[in-house]
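As structure tokens, the structure follows; a few thoughts come after it.
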Number of protein chains: 2
Amino acid sequence: KAGWSDVDIRAVDTVRVLAADAVQKVGNGHPGTAMSLAPAAYLLYQQVMRHDPADPHWLGRDRFVLSCGHSSLTQYIQLFLAGYGVELDDLKALRTWGSITPGHPEVNHTPGVEITTGPLGSGLASAVGMAFAQRRQRGLLDPDAKPGESPFDHHIWVIASDGDMEEGVSHEACSLAGHQELANLTVIYDANQISIEDDTDIAFSENVGQRFEAYGWDVVDVDWRQDGNGATYVENVDALWTALEQSKRSKRPTLVVLHTIIAWPAPTKQDTGKSHGSALGDEEVAATKELLGFNPKKTFEVDRAVLAHTRKAKARGKAEHKAWDKTYAAWRRGNPERAELLDRLVAGELPAGLDKALPVFPADSEKGLATRAASGKVLGAIAGVMPELWGGSADLAESNNTTMEGEESFIPTGKQTREWKGGPYGRTLHFGVREHGMGMILNGIALEGLTRPYGGTFLVFSDYMRPAVRLAAIQKLPVTYVWTHDSIGLGEDGPTHQPIEQLAALRAIPGLDVIRPADANETAAAWGAVLRHRDRPAALALTRQAVPVYDRKEYAKATNVTKGGYIMAEASTGTPDVILIATGSEVQLAVEARKTLEKQGVGTRVVSMPCREWFDEQSAAYREKVLPRAVRARVSVEAGVPQGWREVVGDAGEVIGIDHYGASADFTTLFKEFGFTTQAVVAAAKRSIKTAKGN
Amino acid sequence: KAGWSDVDIRAVDTVRVLAADAVQKVGNGHPGTAMSLAPAAYLLYQQVMRHDPADPHWLGRDRFVLSCGHSSLTQYIQLFLAGYGVELDDLKALRTWGSITPGHPEVNHTPGVEITTGPLGSGLASAVGMAFAQRRQRGLLDPDAKPGESPFDHHIWVIASDGDMEEGVSHEACSLAGHQELANLTVIYDANQISIEDDTDIAFSENVGQRFEAYGWDVVDVDWRQDGNGATYVENVDALWTALEQSKRSKRPTLVVLHTIIAWPAPTKQDTGKSHGSALGDEEVAATKELLGFNPKKTFEVDRAVLAHTRKAKARGKAEHKAWDKTYAAWRRGNPERAELLDRLVAGELPAGLDKALPVFPADSEKGLATRAASGKVLGAIAGVMPELWGGSADLAESNNTTMEGEESFIPTGKQTREWKGGPYGRTLHFGVREHGMGMILNGIALEGLTRPYGGTFLVFSDYMRPAVRLAAIQKLPVTYVWTHDSIGLGEDGPTHQPIEQLAALRAIPGLDVIRPADANETAAAWGAVLRHRDRPAALALTRQAVPVYDRKEYAKATNVTKGGYIMAEASTGTPDVILIATGSEVQLAVEARKTLEKQGVGTRVVSMPCREWFDEQSAAYREKVLPRAVRARVSVEAGVPQGWREVVGDAGEVIGIDHYGASADFTTLFKEFGFTTQAVVAAAKRSIKTAKGN
């Protein structure tokens, strides 16, 4: 039914030869999978997917995710054949400095690459996020269209490998995909039985199909290996085509278990671990070429007829795009307000009313307010003006305050519960206890491009989702993390739940903003600032416990948060004798210590520094104003490891932190026992003043 | 068949009431699961498990793992009833400062607690490691005994919750448990359908039993809920007992899916999310007591008869222990050499020949040797003298050099592959692409206490296993990580595979040693030093690329590694004009820069600093000798984020690092393009000298 002609077969064999050549040229890489997946990838790019090589950002396109990113050639060669502007010279430059063909696919680097993959499990899990986003976007823009009739209908296609299936994140995301009945998701699982340690039987014997059935997926087996022996290997592309086409009409996500032989048909290295991650060697490459009817002496050989045939993808894409344009135009005419919203989303602009919508919290030095509670109120307040913002929690909704009041859950209608009402287009996400899956799904949502996702858990469990956070930063995705219970202030749950090293460890991630607001108004300002950025993820570290809401007539404006660090309270002496720098809940210690010190005649400045990254971005003049080089007496206070604060306080400074794990007790006891007291800050200030003078 | 009498039933109801009281007293915690799991936990501690309350460290004991650590009362109350020395006052002190009943169970803190749990998935996954270790230990000590007849046979019992099943790490470890056919592992999965966001239907509808069947587990369904309505709820303990007893004889791991109603039989809060993580309230506690025939006005009520009955566990434990002592004594007589080995392992002593076995590598400034390759040679060299050391890789054996030459794989006999031969008692571990599962399994192996495990992957993927590393550090477990490809030196695989922030992020973890040796001999010394520690995990960060093997006649001895930092090359000027501090592969830049600087008359000291933690542990005098306060001109060089190095170089120092992601190219290009060159170090040295003078 795929109906391949000789030129299709020649094209697919060309893919194999190009893959072998490209790896051979650079001397390292992954030829095997690119060879054996050639027919599957060719089917997708030439027959199954809706895409337009001339417009890789077309709103109506299907998405392709290569979860086995090490097989980047699988995608690069299809982009070459289909006419995305990846050319033979690019394939020749594989894995070299400055090329558009890096070792693993990188989004915004190569035309047609939708996502950066490589860390196993990440692509597959983020594809689930894309499928989430497609549904939500459709709900926002065209909820009443019949299935398949909206310009916002598209499908997510994934190729995944054994390694993807072994990684825990694939379990988290795929269990959720089944739960969410994501009909718009099809995964080809390349069951080639080979990973780096050769035969996967050494570590991996689960029945993946059965596991996905347990998740509620449609599972189709397409067996090219048959008894596993190369002699019986038949690349039945019709069966694969049928499975893929069927999956378009399924009401659930589909897993196609495709049994392949890696590096097929390389005569001696097929079906071996060696062909997975190393060049085949000149001899094997030549033998493969002979087998396939290519000239073993030529490299990067592509028949003119092959390229002419495969580049018809451009004309097909153009025609599909044109047909879509009509539907899209009709939608615009029928939905002028939604079209306006779409235009704003495509432009990446914020709604006009955002700043006005951000709440202002009245000063409250008595009861105070936890910054997590303030964050919840911010979300509720901006929900109306910013429909593209949505998110939820990894089973800690109430603790993380991540639910926008009154918004429905994103859930199949039949799976509503007594606590949560909703439907397929709902706004509140429920990730279950799956932090890593959440992180990858948030990335996928952001990659789809129209909506802005956030997700919450306890700060300590940011550890579970770290690979996803890193990928958000690498891909410059505007994902927001709502990480609450941000210190030993978490209290009774004890050391396993109390973050100690997480703030430092997160600040170490290049391209991630870590914001720890001191009070409710800093929290509102932080949300505002985070939403203004579109080129990076941001993490909000929020308290469980109540903290004072400062009187901003007495202290500097909370909107200074955008500068990352600011003079919150000035020293009475003009030039301060000492500067106290604090973040989050410890700002209150600095504020209290300042009162004591000032009473004792010590001119004390308090700097609230909610975001080190934003502070570092300020002009040298601004930074000098806040932290004048001449004032060497400095104290930092943060309930986390000291690491990284020497940079701020300098040689004469003192760092108040905690360099060991916490304990199970109420938070007031913990702060006291672990040395976070006003007196400790006062004493450190005096030590630092002495040191600064002494030098 | 469990044969419970009235006093057993009263005892179980006492558990429920104590759980409600204890949470009510402190005002926060998790009463619900402790109430509904009371019968299951009681069965384990009173009838099913082999244990001796008087000797919590008995070698022959079964292990109990409470993977749903938030339900710590489930365990504390059983420890109280069985007579472990946890008393009523301890239950009253739940979740308060200094108590032995913290919010989550903590090993080495409460008698009878085998493992620190709380982060979901971790207990279950580490239990798989315990089951691994039991098998390997038996293989080392008593391989020829028939099943069930060795003193080293014991069983691992786990209670796990919905959250454990949602977490990805449970997939990784349980897939591997099925693959390994771990007959010594039984998991009770408390399928209560409730997590913090109430009905788990909102996020979790997979068929867990089917999933575990796909992994190759025996799955038994024990349904107390029946149609899910409280009216039909029957705690059929006989059915549960039968399932547990059967699992002892199974040849595979067993999952008992136990359908319970959380907080049973609390009249209004049973089966709700509220009862999961909050105190029930005085009224509900009183109502529950009335329902169960307790005095609603009394708290912490325990009938004398109940305690007398349950404390018979002590006599039973004594008898079992005594019977075991006989078998054990017979084994000692029959296996004097193995008994000697066991004594050494129990004492936690190193073998006499270790230092001698550590290889010495000849100087080689031409070809050099990658430190990962050196590590592989070290492992091979010490394999013979240190049979307790074992480990493997997450599908990167050859890249991580983690296989001890000639050692067999740990694998069911029927699952050997053409590349890997072995058997159930083998030594080489194969984790598949499951870094997080690997980390938790390593913890479980270490917790069993007799062997020492190591595991490898690329340094960048330490991110995947971070929660496990943290738990190793919290529990002070001597686990060793072999993390190779430790910088942009990884090369062509590109930014997703190149660690940038990982060294800093790992150093942030309290209680973890991070060691980045400069050459082959530092690598050998590092292994020696790591193995001497028994109270903490350690990470080796090793190069992919070859680095020079220094001539230790010219440079200071590599055994100085134990000090964390040492003067590798002294300045010609006596007191140095500048100190260059470097780690790992960047030491060669410091060494080269020193030559240039010395030629220009600048007295230059090179400090190799493979382990910041070990250096910080040295005396102030030693640290002053290596880094004299008076020498303020300092440069640090490390191919990672600068974070944390200001502490070492001071205000006048220069930090050479990389604060952005890498790229896909060969490593020599990357080092050059990203500013890791001899010239850059020389220039930084001169800048720092100038700054130091200027101040």
Side-chain angles (χ1 to χ4, degrees), chain A residues 28 95 97 102-104 118-120 163 166 168-169 171-172 175 179 195-199 201-207 210-211 214-215 395 397 417 419-420 430 432-434 436 463-464 466-467 474 492-494 496 501 504-505 508-510 641 643-644 646-647 650-651 660-661 664-665 669, chain B residues 28 95 97 102-104 118-120 163 166 168-169 171-172 175 179 195-199 201-207 210-211 214-215 395 397 417 419-420 430 432-434 436 463-464 466-467 474 492-494 496 501 504-505 508-510 641 643-644 646-647 650-651 660-661 664-665 669:
Chain A
N28 54 72
R95 296 164 71 89
W97 180 257
H104 294 81
L120 287 169
E166 290 174 87
V169 72
H171 161 61
E172 297 184 12
S175 172
H179 178 74
S195 60
I196 291 178
E197 295 188 8
D198 200 67
D199 189 339
D201 272 359
I202 195 67
F204 185 52
S205 55
E206 69 180 52
N207 184 332
Q210 189 183 359
R211 175 182 145 210
Y215 296 154
D395 196 45
T417 66
E419 290 281 327
W420 304 98
H430 302 275
V433 190
R434 302 183 183 100
H436 197 182
D463 279 2
Y464 274 79
R466 212 171 150 85
I474 285 187
E492 290 85 353
D493 273 345
T496 55
E501 73 277 25
I509 298 179
V641 289
Q643 182 178 307
R646 181 63 54 194
E647 193 74 47
D651 287 353
H660 55 79
Y661 295 106
S664 173
T669 301
Chain B
N28 54 71
R95 295 164 71 88
W97 179 256
H104 294 82
L120 288 168
E166 290 175 87
V169 72
H171 160 62
E172 297 184 14
S175 173
H179 177 74
S195 61
I196 292 178
E197 295 188 10
D198 199 68
D199 188 339
D201 272 358
I202 196 65
F204 184 51
S205 56
E206 68 179 53
N207 183 331
Q210 188 183 1
R211 172 181 146 211
Y215 295 154
D395 195 46
T417 65
E419 290 281 328
W420 303 99
H430 302 274
V433 190
R434 303 183 182 99
H436 196 183
D463 279 2
Y464 274 79
R466 214 171 149 86
I474 285 186
E492 291 84 352
D493 273 346
T496 55
E501 72 278 24
I509 298 179
V641 290
Q643 183 177 307
R646 181 63 54 192
E647 193 74 43
D651 288 353
H660 55 78
Y661 296 106
S664 173
T669 300

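No hydrogens, no waters, no symmetry mates; every other heavy atom, side chains included, goes into these values.
- Between chain B and the residues Ser175(A), Ala665(A), Ala214(A), the most heavy-atom pairs under 4.5 angstrom are made by Ala214(A).
- Here the side chain of Glu647(B) pairs no donor or acceptor atom with the backbone of Arg646(A) at under 3.5 angstrom.
- In terms of heavy atoms, Asp493(B) sits closest to His104(A) at O-ND1, 2.7 Å.
- Looking only at side-chain heavy atoms (C-beta outward), His171(B) and Arg211(A) come within less than 4.5 Å of each other.
- Counting heavy-atom pairs closer than 4.5 Å to chain B, the top-ranked of the candidates Ser195(A), Ala505(A), Pro467(A), Gly644(A) is Pro467(A).
- Contact between Leu120(A) and Tyr464(B) at its shortest, heavy atoms only, is O-OH, 2.7 Å.
- Between Gly163(A) and Val433(B), the closest heavy-atom pair is CA-CG2, 3.8 Å.
- Side chain of Gln643(B) to main chain of Ala504(A): a donor-acceptor pair is present (N/O by atom type, distance under 3.5 Å, no hydrogens or angles).
- The most heavy-atom pairs under 4.5 Å with chain B, out of Ala203(A), Gly650(A), Gly432(A), come from Ala203(A).
- Taking every heavy atom of both residues into account, Gly103(A) and Ser664(B) meet most closely at N-OG, 2.9 Å.
- Ranked by heavy-atom pairs under 4.5 Å with chain A, the list His660(B), His436(B), Arg434(B) is led by Arg434(B).
- Residues Pro510(A) and Val641(B) come closest through the heavy atom pair CG-CG1, 4.3 Å.
- The salt bridge (Lys or Arg N to Asp or Glu O under 4.0 Å) check on Glu492(A) picks up Arg544(A), with sequence neighbours excluded.
- A donor-acceptor distance shorter than 3.5 angstrom exists from the side chain of His179(B) to the backbone of Asp201(A), with no hydrogens or angles considered.
- For chain B, the nearby part of Asn28(A) is the side chain; its heavy atoms alone come within less than 4.5 Å.
- Counting heavy-atom pairs closer than 4.5 Å to chain B, the top residue among Pro119(A), Gly494(A), Pro102(A) is Pro119(A).
- At distances below 3.5 Å, at least one donor-acceptor pair connects side-chain atoms of Glu197(A) with backbone N or O atoms of Ala397(B).
- Trp420(B) and Ile202(A) make their closest contact through CB-CD1, 3.4 Å (heavy atoms, listed as atom of the first residue, atom of the second, distance).
- Between chain A and the options Val169(B), Thr669(B), Asp395(B), Ile509(B), the largest number of non-hydrogen pairs under 4.5 Å is found for Asp395(B).
- Ser205(B) touches chain A through backbone and side chain together, each having a heavy atom under 4.5 Å away.
- The structure places CG of Asp199(B) at 11.5 Å from NE2 of His430(A), a figure rounded to the nearest 0.5 Å.
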